[in-house]
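Structure first, commentary second.
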Amino acid sequence: MKQKVLVLFLAVITLGLTSCNSNDDETGIVIDGIDLTKDVDCCSAEEALQVYKFIQTVKIIPELSTTVDDKYEVWAYSKTGTFHKGYNDLYFVVTKKKTGNYVKFFDIKNITPLMNMVKMNMWHSTPVGSSFEVFDTTLPAVKRGWVSFLMITSDAGSWQLSYDIDVLDSKGGLQNKGINVDDLPKGQDWLKSFKVGDETYYLSLVNPTDWKTGHNTIQAYVSKKNTPATTPYGLAKEQFTIEIDPRMPDMGNHTSPDNTPLTKQIDGSYSGNINLTMTGLWRIHLTVKDSKGNVVAGGDDLKEGFSSLYWDVTL
Ligand SMILES: [Cu+2]
């Protein structure tokens, strides 16, 4: 694919240099007899270039890439090309097999991760984003979603993932593809759960590896365990507030100023501000409150004065 994209990339540059006066009769970029500039399914030259640049920043997940109707190639990406415990961004890009040109109109649906707990002879799913959306308005041909894995692949069990895809009038997807979920490095713990009555909720911290020393936006999702547990866990409909108390356990549990709670946003995510004044291990103690302000998790189980519900992030 890279070669074809490069051809397109070079052709875009050439066109840019030679076609200052636009003219409808002018011959466009033709590859394999298809005039790419007249391919309405695909991106404009500028959009294609943006997508091409974006995919240099992520890595292909070979297990989740596939072909649809022998016409389209579906490419799955994550930051590292692998998965780890907790929150993972997942991106999809579709190209026309014949031209390598990006396709703008496709839908990723029914993303279903499943873990088989071999010793317990039981299956369960995990928190997922509610839908795959356009990643960014400048990148209309990149769709982004997420999966937050509860457990790592181990002797206890293994993961598989299924999804459906519609590309223009074609349908395809993958069923039960085996995937590997790695552990996070020591000092990183980005996924926690709490219970309210019989319901189980999961707190997925989003990409703390993007944080810098000082002020950061802290983002998370609250998901609710489904019945049956093999149905992917969607976002909790409740409106919580997540108060944060970041401490450095290796440095006398000192804290930092100017932290604000995570509150629910229009897109269903939770967002607040965190100020990490130095590098090292930060234990972010959490107190979850319901819409009436009652503490529902992390409040009544205090150890050394701090909530025992926490994320660990090492800067
Ligand atoms: Cu499991």
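These values consider heavy atoms only, across backbone and side chains, with no hydrogens, waters or symmetry-generated copies. All ligand and atom numbering here is 1-based and tracks the order in the structure.
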Notebook entry, point to check: On the ring face of Tyr310, is Lys192 found with NZ or CZ under 6.0 Å from the centre and within 45° of the axis?
Noted result: yes

Note to self: Over 60° means perpendicular and under 30° means parallel, so tell me whether Phe240 and Tyr201 are parallel, tilted or perpendicular.
What the structure shows: perpendicular

Margin query: Inside 2.8 Å of the Cu ion (ligand 1) but strictly below it, how many protein N/O/S atoms are present?
Written below: 4

Check: Would you say the side-chain atoms of Lys289 pair up with the backbone N or O of Glu243, donor to acceptor, closer than 3.5 Å?
Finding: no

Got a list of side-chain donor-acceptor pairs under 3.5 Å for residues 172-183, not counting sequence neighbours?
| unit_1 | atom_1 | unit_2 | atom_2 | d |
| --- | --- | --- | --- | --- |
| Asn176 | OD1 | Ser162 | OG | 3.2 |
| Asn180 | ND2 | Asp182 | OD1 | 2.8 |

Check: Between Tyr87 and Tyr221, how do the two ring planes meet: parallel, tilted or perpendicular, split at 30° and 60°?
Finding: parallel

Margin query: Check for me, please, whether Val147 and Leu64 land in the same ILVMFWY cluster - side-chain distances under 4.5 Å, paths through other members count.
Written below: yes

